[in-house]
Amino acid sequence: MAAKKLRECYSKSLIDEVHRWGCLKQTGVSLKYMMEFGSRPSERNLLISAQFLHKELPIRIARRAMELENLPYGLSEKPAVLKVRDWYFDSYRDLRAFPDIKDSTDEKDFTEMIKAIKVRHNNVVPMMALGVQQLKKGMKQKIVYEDLDEIHQFLDRFYMSRIGIRMLIGQHVELHNPNPPPHCVGYIHTRMSPVEVARNASEDARAICMREYGSAPDINIYGDPSFTFPYVPTHLHLMVFELVKNSLRAVQERFMDSDKVSPSIRIIVADGIEDVTIKVSDEGGGIPRSGLPKIFTYLYSTAKNPLDENSDLGTADNVTMAGYGYGLPISRLYARYFGGDLQIISMEGYGTDAYLHLSRLGDSQEPLP
């Protein structure tokens, strides 16, 4: 079914309301606050959390829905982007239609609804990537990608907001888990070992490399395995997986036809007072200096999107971030979400060092684009 114009799908009053709510102030929360609040998931706290989300989520979703309508270069008109816009409008409508949350029965019903919203938005990233592909296909080859900076900035804001929305929903839903794993408060592990997460992520990335190339370089991890700090293990796993996967591919392709043994990839975990820093070093030949600005954009990738023009928009399952060139920019957003950062330093002709900084203090507010 072709996606229709906004006015054909939604009433004028709903569209006007989205525009009003999209102008309201967002309220950020810190990792520290989520952890302290969630450490006592009493009925009262779950009620307070649900009431906060009932007010906060429509503001964040309305803001993105408005932006999706007004993208440059006709990106808003692309079928994949129209599909995403509809998901945002539907979710806004569901949240606003839900009555005030007064007791634990309301809270449980609300939790089921936001769970369904999170599932509805599962494929937003590849769907937006498909929209960008549709845009590029229709553009003249001579287009200067620097001119698309506006789209890049929009995607940064859009995906950062999505990380926040999914974190808030996921955290609330997980607080209902009657048997949480030890030291876990929702999504947050209060005693996460970065060395252990790095090891798991490296093994996952190495398995993919083995599958693709038939062999894989060794990975050596240096750091104290008993060192722990509070963080979200799924976020860290995603970031380290992406960095290690890139390093494995670079080393593998550089040494594929060589008689030399592939040099191993080194991961170093350092715990500072402010930051925990994870360095991933490889000898995969590096990136030319002229190419470095491009590695954090969403518009250059030549890799194939797991969703393509012919797939049924909205039913593709098991979509991964690997494979359509969004890994690095999205990993950097995950790092920045809790006050960290990701930097890539490269020596062309030798290799690349990626520095992943994670804030140890956990008291920075969410960035609210």
Side-chain angles (χ1 to χ4, degrees), residues 125 129 132-133 136 141 143-149 151-153 155-156 159-160 198 201-202 204-206 208-210 212-213 215-222 236-258 260-270 275 277-306 320-336 340-358:
V125 177
V132 171
Q133 280 178 7
K136 279 164 68 175
Q141 287 305 305
I143 186 81
V144 182
Y145 280 141
E146 280 70 14
D147 293 348
L148 297 180
D149 203 35
I151 289 178
H152 174 74
Q153 286 172 11
L155 289 170
D156 257 355
Y159 292 138
M160 180 66 94
S202 302
D204 288 354
R206 206 165 175 274
I208 285 178
C209 185
M210 291 291 276
E212 216 158 288
Y213 296 102
S215 63
D218 288 336
I219 299 167
N220 298 325
I221 302 177
Y222 304 91
L236 181 57
H237 187 285
L238 178 149
M239 294 184 278
V240 174
F241 171 81
E242 189 58 38
L243 296 174
V244 172
K245 180 170 63 70
N246 290 348
S247 288
L248 287 167
R249 190 190 302 132
V251 171
Q252 198 64 26
E253 294 191 353
R254 188 183 189 201
F255 288 88
M256 213 179 330
D257 302 321
S258 160
K260 295 179 188 164
V261 175
S262 297
S264 57
I265 287 154
R266 292 182 309 286
I267 300 176
I268 299 152
V269 178
D275 282 354
T277 304
I278 297 173
K279 179 165 82 159
V280 179
S281 292
D282 69 57
E283 294 173 39
I287 303 160
R289 204 153 47 97
S290 62
L292 274 174
K294 299 177 183 177
I295 63 176
F296 283 114
T297 77
Y298 302 96
L299 301 156
Y300 290 87
S301 178
T302 52
K304 190 174 176 347
N305 188 326
T320 63
M321 208 171 63
Y324 48 94
Y326 279 28
L328 279 178
I330 284 187
S331 293
R332 184 167 68 173
L333 294 180
Y334 272 98
R336 288 177 173 176
D341 210 352
L342 172 61
Q343 292 169 308
I344 307 285
I345 314 285
S346 197
M347 280 174 85
E348 190 187 5
Y350 181 74
T352 302
D353 286 351
Y355 291 86
L356 178 58
H357 302 279
L358 310 171

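Residue numbers run from 1 in the order of the sequence given. What you see is a predicted model, and the numbers here were worked out from it, not measured in a lab.
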| For the residue pair H152 and Y298, does the interplanar ring angle fall in the parallel (under 30°), tilted (30 to 60°) or perpendicular (over 60°) class? | tilted
| query | How far does NZ of K279 sit from NE2 of H357, to the nearest 0.5 angstrom? | reply | 11.0 Å
| said: Between R332 and E242 (salt bridge meaning N to carboxylate O under 4.0 Å), is one present in this structure? | reply: no
| request: Specify the closest pair of heavy atoms between S262 and F255, including all atoms of both residues, with the distance to one decimal. | output: OG-CB, 3.6 Å
| task | Any chance you could measure I267, atom CD1, to I221, atom CD1, to the nearest 0.5 Å? | result | 4.5 Å
| SG/C209 to CG/D204 distance, rounded to the nearest 0.5 angstrom? | 13.0 Å
| field | Residues in side-chain hydrogen bond (donor to acceptor under 3.5 Å, both in side chains) contact with R336, at least two apart in sequence or another chain | value | D341
| task | State the CD1-OH distance between I208 and Y213, to the nearest 0.5 angstrom. | result | 11.5 Å
| field | Short side-chain to backbone donor-acceptor contact, N220 and R266, under 3.5 Å | value | no
| From L358 atom CG to I278 atom CD1, the distance as rounded to the nearest 0.5 Å | 5.0 Å
| note | Closest heavy-atom pair, S290 versus P293, reported as atoms and distance to 0.1 Å, is O-CD, 3.4 Å
| said: Could you report the tightest heavy-atom contact between Q252 and P217, atom names first, then the distance? | reply: OE1-CD, 3.1 Å
| message | With a 4.5 Å cut-off on side-chain heavy atoms, are I295 and N246 touching? | response | no
| said: Could you check whether atom CE of M347 has more than 12 heavy atoms from other residues, nucleotides or ligands sitting under 6.0 Å from it? | reply: no
| task | Search all heavy atoms of I344 against all heavy atoms of A354 and return the closest pair with its distance. | result | CD1-CB, 3.7 Å
| Say you draw a straight line from OH of Y355 to CG of L243; how long is it, rounded to the nearest 0.5 Å? | 12.5 Å
| query | Sequence neighbours excluded, which residues qualify as salt bridge (Lys or Arg N to Asp or Glu O under 4.0 Å) partners of R206? | reply | D218
| said: Between L342 and L333, is there a side-chain heavy-atom distance shorter than 4.5 Å? | reply: no
| field | T297 side chain reached by P329 side chain, heavy atoms, under 4.5 Å | value | no
| query | Are V251 and P263 side-chain neighbours, meaning at least one heavy-atom pair lies under 4.5 Å? | reply | yes
